[in-house]
Amino acid sequence: MKSPNKGAVTSRRKISNNASSSGAKRKVRAKEKVQKTGSVQKKENSISFPSLGILVNLVVVLVSLLAGIMTPPVVNAIYGKDVHDLWRQGSFLAQEYCYNLMGKKMSTSSSSSSSSLLSSYPEYHLECNEENLSHFLHDEYQDGMHVVCIEREDTEGHLKVTTYYGAAFVPNLTDEDDGDEHEDEDEDESSGPEIAYLALEESFSPYQSWNILKDYLNEEVMIDDYQTESLPWAIFTSRGEKIISSNDRNQKVIQPVIDRLVDSQLLLIMEGGTWVWPGVRIGYQRTVDLSISEDFQINLEKERNNNNTSNAAHNHENNKEKDSSFLVTMETLSLQPLVLSVKNFISPHECADIQRLAEPLVQYSGVTLMEHDQGKDATQWRTSKSAFLSHTHPKDIHSTLYNLERRTAHLTRIPRQHQEDTQVLRYGKTEHYSAHHDYFDANLYRHDKATMKMIRGGRRNRIATVFWYLSDVEEGGHTIFPRANGTDPIEDFDSCEHGLKVKPQVGKVIIFYSLKPNGELDEYSLHGACPVQKGIKWAANKWVW
């Protein structure tokens, strides 16, 4: 391909003079096409496993290196290629599987040759191939979430930027699609992502290079100028670690940002600036490593430290909650609203510990009343008991509550400081909570000064709820989402007849998002607690902002 002019942006389609409106127009059109035609390629409702050949090769290589049977040169001779290429070409699941199987243990090994295998490529690197993309692209358009692949086109610094609008199998839009007659076009001829090429001068400073990429993303990917100014968007690695925000001015972040984006390759952009897990499809399962921090800078530091085997061994033995691998399986229960389930997130001992701390403190629960409900009794909606808990010694890493808060932060990839205190709930027989939203709609609290101050006039809100199940329930007590799958508004807010119902299970948590990835309120996140029919239900809310 002929190199573009320095500093230029070229694309598979003509760049409009009004780039921002052109970008918004293409996004709307892409969304319409997804809704009209469905996905370009459908996947089964189960995780697709990597090809057997790649997985077998990776496992053989890793086991052989760890056992000392082979060294990298021997492996290269046998496979006829660099072992690093074998690792790099592996699928998302193969890398995740092998990394978690042996990767972190390698850092404690005395074998420098074995540890070098995984340190040659960043932990957050993921190639943009069909297999890997299938773990992040959806059958339906996701408002405010985009998958972007950034690759170096040549040694001169030119970047290839591939965008999947709405994190979906979005058909690409041809030049002719900008006309009013686009509905008559052959849609099959325009299937594919949006591809553009950015030419960066070698003499450009990191700040200049980042601004060129940021301007392109602002004009061609973001939905409108107001959104990008009022709510900074952010770019994340495929593991949910924030690399940079659109309003970032920190030179230490900007200096290496282009290299980090290229190293990551498969990236996600969240228009609301906060990580939201891609649900992909109902029934999809994803392995998540909870030892990965929500802070990308911390993980880079950890990666450097892991090259020092003595330090890594010390950390592994003396701070397991902080550094050892903790794998959980996250399953998508609903896409609208986004509801994810994780079993065995909390140990039975931890569940009992939280109950023990809360039991002497529980009182009948209150609610934040909307303006039209002022003066009414909270029991009209909620009959449970609750207590708020906070760890009293933040530096005590052995505190059950502190560890759970930290684990929750690693699960959501949102810093622990964004969590409210833990609200522990106790539901006895017949006790329930009518369907409600966890977000605060500014239109319903305009004269409530405390609430309006808390949400800054509507500019911030609860993005997600992590709901901890601290006990089993013999009968009843389900969490219900009456508008799951985009159903119509309901009239009976106490009914548990229709919708997604999640059964309490000790140690399980669910994450449900009150905001969309673009920061808009998700009306479908309406949820309630069905009456307990037999037994006692213990649970806890972790509201995340």
Side-chain angles (χ1 to χ4, degrees), residues 143-144 222-234 242 245-248 270-276 294 336-338 363-384 386-390 405 408-409 412 414-425 433-467 481-483 489-490 493 511-529 540-545:
D143 290 328
M222 299 304 115
I223 192 68
D224 57 56
D225 293 334
Y226 170 78
Q227 175 105 1
T228 58
E229 293 174 2
S230 63
L231 200 61
W233 50 266
K242 183 183 288 187
S245 297
S246 59
N247 66 342
D248 212 319
M270 304 293 169
E271 290 187 15
T274 303
W275 175 257
V276 175
E294 68 278 9
Q336 193 179 22
L338 181 57
Q363 299 177 358
Y364 280 106
S365 307
V367 296
T368 302
L369 296 173
M370 301 177 190
E371 292 179 359
H372 60 269
D373 290 323
Q374 292 296 325
K376 297 180 181 179
D377 195 292
T379 57
Q380 290 189 36
W381 301 275
R382 191 178 192 182
T383 57
S384 62
S386 63
F388 281 93
L389 297 180
S390 62
E405 289 180 352
T408 297
T412 60
I414 300 174
R416 186 176 58 82
Q417 292 76 10
H418 289 243
Q419 300 174 16
E420 294 185 40
D421 285 345
T422 304
Q423 184 189 44
V424 183
L425 307 166
Y433 194 173
S434 303
H436 61 284
H437 293 106
D438 280 354
Y439 61 67
F440 298 94
D441 187 342
N443 294 318
L444 303 176
Y445 295 92
R446 292 201 177 277
H447 300 292
D448 185 337
K449 293 183 179 180
T451 299
M452 291 300 288
K453 181 180 180 180
M454 180 174 61
I455 63 175
R456 296 177 187 171
R459 291 189 297 275
R460 68 187 295 263
N461 225 308
R462 290 170 173 166
I463 183 172
T465 299
V466 183
F467 194 77
F481 296 86
R483 297 198 63 189
I490 62 173
F493 287 78
I511 311 171
F512 55 92
Y513 289 86
S514 296
L515 305 185
K516 300 176 183 178
N518 60 7
E520 295 179 356
L521 306 180
D522 188 350
E523 62 178 335
Y524 296 104
S525 64
L526 188 74
H527 63 283
N541 280 315
K542 254 307 176 186
W543 290 305
V544 183
W545 292 68

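Side chains included, hydrogens not; waters and symmetry mates left out as well; all remaining heavy atoms used.
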Within this structure, what is the [atom1]-[atom2] distance for the pair [X] and [Y], rounded to the nearest 0.5 Å?
X      : Y      : atom1 : atom2 : answer
Lys516 : Tyr524 : NZ    : OH    : 7.5 Å
Leu521 : Asn461 : CG    : CG    : 6.0 Å
Leu231 : Asn247 : CG    : CG    : 9.5 Å
Tyr364 : Ser384 : OH    : OG    : 9.5 Å
Lys453 : Asp448 : NZ    : CG    : 12.5 Å
Tyr513 : Asp522 : OH    : CG    : 12.0 Å

Any side-chain to backbone donor/acceptor pair from [X] onto [Y]? Under 3.5 Å, distance only.
X      : Y      : value
His437 : Ser514 : no
Arg460 : Met454 : yes
Thr465 : Phe512 : no
His527 : Pro482 : no

Check: Taking only residues two or more places apart in sequence or in another chain, which ones pass salt bridge (Lys or Arg N to Asp or Glu O under 4.0 Å) with Asp248?
Finding: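 Once residues adjacent in sequence are excluded, Asp248 has no partner under the salt bridge (Lys or Arg N to Asp or Glu O under 4.0 Å) criterion.
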What pairs with [X] under side chain to side chain donor-acceptor pair (under 3.5 Å), at least two apart in sequence or on another chain?
X      : result
Asp143 : Lys31
Lys542 : Glu405, Gln419, Thr422
Glu420 : Arg462, Trp545

Check: In terms of ring plane angle, is the pair Tyr445 and Phe440 parallel, tilted or perpendicular, where the classes change at 30° and 60°?
Finding: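 Ring orientation of Tyr445 relative to Phe440: perpendicular.
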Notebook entry, point to check: Where do Ala442 and Gly457 come nearest, in terms of heavy atoms and distance?
Noted result: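 Heavy-atom minimum between the residues: CB-O, 4.1 Å.
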Next item on the list: Of all the heavy-atom pairs spanning Asn518 and Gly144, show the shortest one and how long it is.
Entry: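 In terms of heavy atoms, the two residues are closest at CB-CA, 3.6 Å.
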Note to self: Working note: Ile455 + Tyr439, criterion side chain to side chain contact (heavy atoms under 4.5 Å, CB included); need CA distance, chi angles, decisive distance, verdict.
What the structure shows: CA-CA 9 Å; Ile455 63 175; Tyr439 61 67; over 6 Å; no
Next item on the list: Any chance you could lay out the side chain to side chain contact (heavy atoms under 4.5 Å, CB included) test for Trp543 and Asp438, step after step, and finish with the verdict?
Entry: CA-CA 8 Å; Trp543 290 305; Asp438 280 354; 3.1 Å; yes
Margin query: Please determine whether side chain to side chain contact (heavy atoms under 4.5 Å, CB included) holds for the pair Val276 and Ile463, giving the CA-CA distance in whole Å, both sets of side-chain angles, and the decisive distance to 0.1 Å.
Written below: CA-CA 9 Å; Val276 175; Ile463 183 172; 4.2 Å; yes
Item checked: Residues forming a ring pair (Phe, Tyr, Trp, His ring centres under 6.0 Å) with Phe467, sequence neighbours excluded ->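 Ring pair (Phe, Tyr, Trp, His ring centres under 6.0 Å) list for Phe467, sorted by chain: Tyr469.
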Next item on the list: Not counting sequence neighbours, which residues clear ring pair (Phe, Tyr, Trp, His ring centres under 6.0 Å) with His418? List them please.
Entry: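 In terms of ring pair (Phe, Tyr, Trp, His ring centres under 6.0 Å), with neighbours along the sequence ignored, His418 is linked to no residue.
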Note to self: Is there a side-chain contact between Arg483 and Pro489 in this structure, where contact means two heavy atoms from C-beta onward sitting under 4.5 Å apart?
What the structure shows: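 Of all side-chain heavy-atom pairs linking Pro489 with Arg483, at least one is under 4.5 Å.
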